[in-house]
Structures are given as structure tokens and as C-alpha cells.
Amino acid sequence: MSASVRVRFAPSPTGPLHMGGVRTALYNYLFAKKHNGTFILRIEDTDQTRLVGKAESYIKESLEWCGLNVDESPWKEGEYGPYRQSDRKHLYRQYAEQLIKEDKAYYAFDTAEELDAMREKAKKAKMPNWQYNSVTRNSMKNSLTLSEDEVKAKLDNNEPYTIRLKVPRNEEVRFHDEIRGWVVVNSSNIDDKVIFKGDGMPTYHLANIVDDHLMKITHVIRGEEWLPSAPLHVLLYRFLGWEDTMPTFAHLPLILKPDGNGKLSKRDGDRLGFPVFPLQWENEETGEVSMGYREQGYFPEAFINTLAFLGWNPGTNQEIFTLSELVEAFSLERVGKAGAKFDAKKTEWYNQQYLRTKDNKTLAELIEPQLADNKIEIDRDRLYSIIELTKERATFPRDILKEAEFFFEAPSTYDEKTVSKKWKENTPELLNKVIDRFGDTDYSASELEVAFKAILEDESIGFGKLGPQLRVALTGKGMGPSLFQICELLGKEETEARIKRAIEEIG
RNA sequence: GGUCCGUUCGUCUAGGGGUUAGGACACCACCCUUUCACGGUGGAGACACGGGUUCGAUUCCCGUACGGACUACCA
């Protein structure tokens, strides 16, 4: 690669960034870093009607949470700014006009209503796909059909207009996609796309070509939904005279719904109970809240790892990758072509894997808010011990607290199944022996275990006659971590109190 | 409807003209454990279909089917 790699992630701030968008950002980031290149964030806000105020900061915060550091952005201007298309408005018109001068584009005066009517009419005539193109443009109101004077008069009169690309007829447009190979389309199948809107803003098509060119973008890595318009973009590069510096294209496979078919959407998350957004999002109009990976207790590493493997793989058996390992391993060659159904279960598995690598202190900090919510005050070292004991059975930080709740509060109910199956007439008597014997120890897990085994031997009974009973008395549950470590952490006083209480309650 | 893209276990995928088609998640069994989880071992489970090309196709080519994206003065 001769010129230094420059890639951009170019979301439109119309709502929260979808996880598919985050994956696109991730692949752009990985590709840039892999080649010591530059990762750029450009805000594509040419549609002023769909703007959502919070969306831009949401994008920023999402990328930050994921650890995808941006080299150039609206908040970190490089030498190719501005990085927000609305701030670049003044740049676009000249290119549209240049195309008109060169007979590669034209003014179109048809109103939206007229266009709708035309489409409606065509539909009734069994032409479901009416297009403004090389054949239909001759019967529309534009600078090709109107006289020069008429056009000038309309322009002088400030009549609204759009600028459309004059797409040639029957010309082969081809480009090489890094993921899909050669893609060939006949220009007769491309319509005369609006490149400049009535409101004075360019459409995405013009803006992205102009910006990519001006910003010296070398690779356009984006979702497959852009594949159909890629030939149009190639045409635009050609018409603008920039074809020899045109970026390389790579169209990523889509992320599909877990069940059924189709693109993963916001609704699927609500329906199937997993987040589709990196961060929680509240729709200000409806008040509707969509959950976020962050708020659900996912680690950004797990989220990123999952996303990386949706469409890409390293070709080895390694499944766990840190961001920098991903940078090292990433290549567009190993990106697949087919859409990938999202599997929430695998994301949970990744989260569990990452949770287990966290030290107790980190985990403690993560559950601090929950502790506060439940008004639990606890000594640091004791908390670390509890975390150590329970983190193996947790997928999310919040699971730790749930697994360990009996440490903070004595059980108020006792697992019915364990009681009915295991609690016998002589159980209270045996448990009293436990109190006695345990009292002779220093209450360390190892000594407690020795003492417990001694009781079993004296009474000639197996662990199953006393272990589960002690557990249910202490924790109210039929399962959980090591009994003796629980006793050690509970301490003599609490252990004895709970046993006595259970004997009283259960009988 | 049109254009474009795609198709290996349930899911993510590796592989590639001759393989016992490999791994991961999920699932099942067993082992470990007082129990749950973790861990370990093992199991079930896939090349969409039809034609070519070839000594030989899951792999290459062409069709078919199925799926998807796009089809706005949205991105």
C-alpha cells in the first residue's frame, strides 16, 4: 500500500448507533490500525429533517465505550475538516454545478408530488419500478427538456429544483470489491439519482464522494446495503475526474436477526430480549427506552469480540481476542460474504469469559452501585472474598451479587425441594453438633472441613445427610459455592445464629 | 417486479478437486463436586438441489431453488 491508509466511519445522526454500525466502525478501525493508517469519523447529517439531537453524542460515546479511538472527527479536527457534512455545506454545490456544465448532470424542476404521481401512474400500468432515467427524463421538467431561457427564468425566479446525475445509457460500470470481487452493473439499471436537493444540501451520494475525495479516503468499508449504489458512486468518481484516486470498496455482510430472516433491527432486541445498541437509548419523543450492552452488564471487550467474529474470523481456533490482538489479526480477506445471524448466547459466553479474567477489585467497583442501591455496607476484603467465591458462576457483574445475596442477608425462606428431600427428624440434632464442633475451630474453611468430616465419621453418615441441610440452613438454597468457605466468611456468630433460626423455622 | 449480493452442523465459521469435512456457542451424556457453576472427556449435528468439467466434486462452471440488500429531494 503506497499511500497511507485513511478510512472513515460515516454514520448519520438520525438515532442511536445500531450494533451493525458499531461493527462497521470496528472493521474500519481494525483495518486502519493494522496498516498504521488513520481512522476518521465523519458525521453525515445532510438530511436535516431526520436529525436527532442526541444522536451525535451517542455515536461519540459509543465509540469511546468500545475503545475505538478516532484519529479525526468533529471533536478532533485533522487537516481535512470540517468533519460534519452540514459544516461542509458550502463545498458541495460547485461540484454539482461543474457536472451540469459538463453535461453530466442537470436541473430537475419536478416537484415531489409530480414524481409521486408519476410513480403511481406507472404502477397502475404494471410498471412497479418507475425510474427517473435516460428514457423517462425526456418527458420530465428539467434542463434537458426545457429551453435555456425557461431554465434561466426558473432559476432566477427561485423555483425549487434538484440536480440529477445524467446517467448514461448502456454502459458497463464495474469495480473491484475487496470482499466480493468484481461487481458489474449496466448503467441502464441505474437511475438519474438526485445528487443535490431542493434544500441546498447534497444527497448522501454526492456528499460522500466529494468528502471521501477531499479527505483522501483510501478504502471505503461499509455495509452491504450500499452495494447497489456503489456503481453510481463509481460513475460519480468518473464524472468528477477522480477515478484514478477512487478509494477501494469493501462491502461488509449484514448482521441478520437470530430467528427468521432479514436484517437485525431494533424490534428484534425488544422481542428476543437482548440489546441491539451499545448504550441505552431513550427516544425523546416516545419516551421509549432501548437497552444497551453497557447497561446490561456487558464488557466492551466482549461486545467487540462478538462483533469482530460476526463476518470475520482469524482462520485459527483462537476465539478470545483483545482489541489489539484483533488489530494484529485482522484482514479484509478473511471477511466472509454471507450475512451472519446474531446469536445473543454467544455474546453472553464471551462476557462470562471476560468476567473471569477481571480481578476482584475491578469487579467490586462494577457492583458498587448495586451495593449502594441495596444499602449494603461491606468491608473491602470481605467483599473481595465473596467475589472470589462467586464469580465463577457469573456471566454479568450483577450475577455476583445475586449469587452472594445470602452473605448480606440471612435467608427468609428455605428451598422447598431441599427441605422436603433432605431435612429429616434428626437434622436439628446433627446441626447442633455442627455448632458445637465448629465452635472448637478457628473458623477457617480448612479446619471447618476437618471438623465436619469428623462429625460424619462419628455419626457414620455420608456428606449428603448433613451437607445440603447445613447449606439450606445457612443460605436458604440448595446449591452454591463451597460450604466451608461460606461458613468462614459468615463467621462463627452468624453461622450459629442461622443454624438455630433454621431449626426453629423448619423444625 | 427489476438490479445486485449470497448459500458448509440449530448458530458463528475453518477448509478445499481425493479429508474420518476441523473449531466455537448452544444441546446431550459421563467425570469432578455435598450441590450449582467452573473444568475435563465424549456424543449427536452440515457441504441447498440439478446439470456439466473431471479418473474423482462439497470444492470449478452453468442453471434452479431459497434467502438477503437495494429500488426516496433517507443515509
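In what follows, every chain begins at residue 1, and chains take the letters A, B, ... in the order their sequences are listed.
Taking the ring centre of A:Phe299 as origin, the terminal cationic atom of A:Lys358 falls inside the region bounded by 6.0 Å and 45° from the ring axis. Judged by the 6.0 Å distance and 45° axis criteria, A:Lys141 is not positioned over the aromatic ring of A:Phe109. Both the sub-6.0 Å distance and the 45° axial angle are satisfied by A:Lys54 relative to the ring of A:Trp281.
Of the side-chain N and O atoms in A:Arg356, none sit less than 4.0 angstrom from OP1 or OP2 of B:C38. The phosphate of B:C4 (OP1 or OP2) has no side-chain N or O of A:Arg180 nearer than 4.0 angstrom. The side chain of A:Asn313 contributes an N or O atom lying less than 4.0 Å from OP1 or OP2 of B:A14. Contact annotation: A:Lys197 reaches the phosphate of B:A75 (side-chain N/O to OP1 or OP2, under 4.0 Å). At least one side-chain nitrogen or oxygen of A:Thr46 sits closer than 4.0 Å to the OP1 or OP2 atom of B:A75.
Pairing of B:A14, defined by two Watson-Crick or G-U wobble distances under 3.5 Å, is not identified with any nucleotide. Taking a pair to require two hydrogen-bonding distances under 3.5 Å in either a Watson-Crick or a G-U wobble arrangement, B:U64 pairs with B:A48. Both distances falling under 3.5 Å, in either a Watson-Crick or a G-U wobble arrangement, occur for no nucleotide opposite B:U58.
Scored by the side chain to side chain contact (heavy atoms under 4.5 Å, CB included) test, A:Thr475 finds A:Phe406, A:Arg471, A:Lys477, A:Ile486 as partners (sequence neighbours excluded).
Within 4.0 Å of A:Tyr204, counting heavy atoms only, lies at least one base atom of the nucleic acid. A:Asn129 comes within contact range of at least one nucleobase, with a heavy-atom separation under 4.0 Å. Heavy atoms of A:Thr162 sit under 4.0 angstrom from at least one base atom. The residue A:Gly336 sits apart from the nucleic acid: no heavy atom pair falls under 4.0 Å. At a threshold of 4.0 angstrom between heavy atoms, the contacts of A:Asp110 include nucleobase atoms, whether or not backbone atoms are also involved. Residue A:Thr49 is classed as having no contact, given no heavy-atom separation below 4.0 Å to the nucleic acid. Residue A:Arg334 is in sugar-phosphate contact alone, with no base atom involved, counting any heavy-atom pair closer than 4.0 Å across all strands shown. Nucleic acid contact class of A:Gln131 (heavy atoms, under 4.0 Å, all strands): sugar-phosphate only. Within 4.0 Å (heavy atoms only), A:Ala338 reaches sugar-phosphate atoms of the nucleic acid but no base atom.
In this structure, the CG atom of A:Leu310 is 18 Å from the P atom of B:A24, given to the nearest Å. A:Met127 has its CE atom 18 Å from the P atom of B:U71, to the nearest Å. Distance NE2 (A:His205) to P (B:C74): 9 Å, rounded to an integer number of Å. For the pair A:Glu172 CD and B:U3 P, the computed distance is 15 Å after rounding to whole Å. Across the protein-nucleic acid pair, A:Phe342 atom CZ and B:G10 atom C1' stand 16 Å apart, rounded to whole Å. To the nearest angstrom, P of B:U11 lies 16 Å from CG of A:Leu264. Going from atom CG of A:Leu232 over to atom P of B:C74 covers 14 Å, rounded to whole Å.
Taking only side-chain atoms of A:Lys346, from C-beta outward, the nucleotide of B:C12, B:C5, B:G39 with the closest atom is B:C12. Distances were taken from every side-chain heavy atom of A:Glu319 (C-beta onward) to each of B:C73, B:G23, B:G39; the shortest belongs to B:G23.
When the P atom is compared between B:U8 and B:G15, the two are found 13 Å apart, to the nearest whole Å. With P as the reference atom, B:C5 and B:G18 are 28 Å apart, rounded to whole Å. Between B:G10 and B:U3, the two P atoms lie 33 Å apart (nearest whole Å). Straight-line distance between the P atoms of B:G50 and B:A57: roughly 13 Å, to the nearest whole Å.
Residue order along RNA chain B, read from the 5' end via each residue's closest nucleotide, puts A:Pro258 first among A:Arg119 and A:Pro258. Map A:Phe196 and A:Val185 each onto its nearest nucleotide of RNA chain B; the residue landing nearer the 5' end is A:Val185.
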Using nucleotides 66-69 of chain B, report all nitrogen or oxygen pairs with the protein that are shorter than 3.5 Å.
residue : atom : partner  : partner atom : Å
B:A69   : OP1  : A:Lys263 : N            : 3.3

Please list, pair by pair, any protein nitrogen or oxygen found under 3.5 Å from a nitrogen or oxygen in nucleotides 30-34 of chain B.
residue : atom : partner  : partner atom : Å
B:U34   : N3   : A:Arg471 : NH2          : 2.9
B:U34   : O4   : A:Arg471 : NH2          : 3.0
B:U34   : O4   : A:Leu483 : N            : 3.0

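Scanning atom types as modelled, no donor and acceptor separated by under 3.5 angstrom connect the side chain of A:Arg393 and the base of B:C38.
No more than 12 heavy atoms of other residues, nucleotides or ligands sit less than 6.0 Å from atom CD of A:Glu457. The number of heavy-atom neighbours closer than 6.0 Å to CD of A:Glu333, taken from other residues, nucleotides and ligands shown, is 12 or below.
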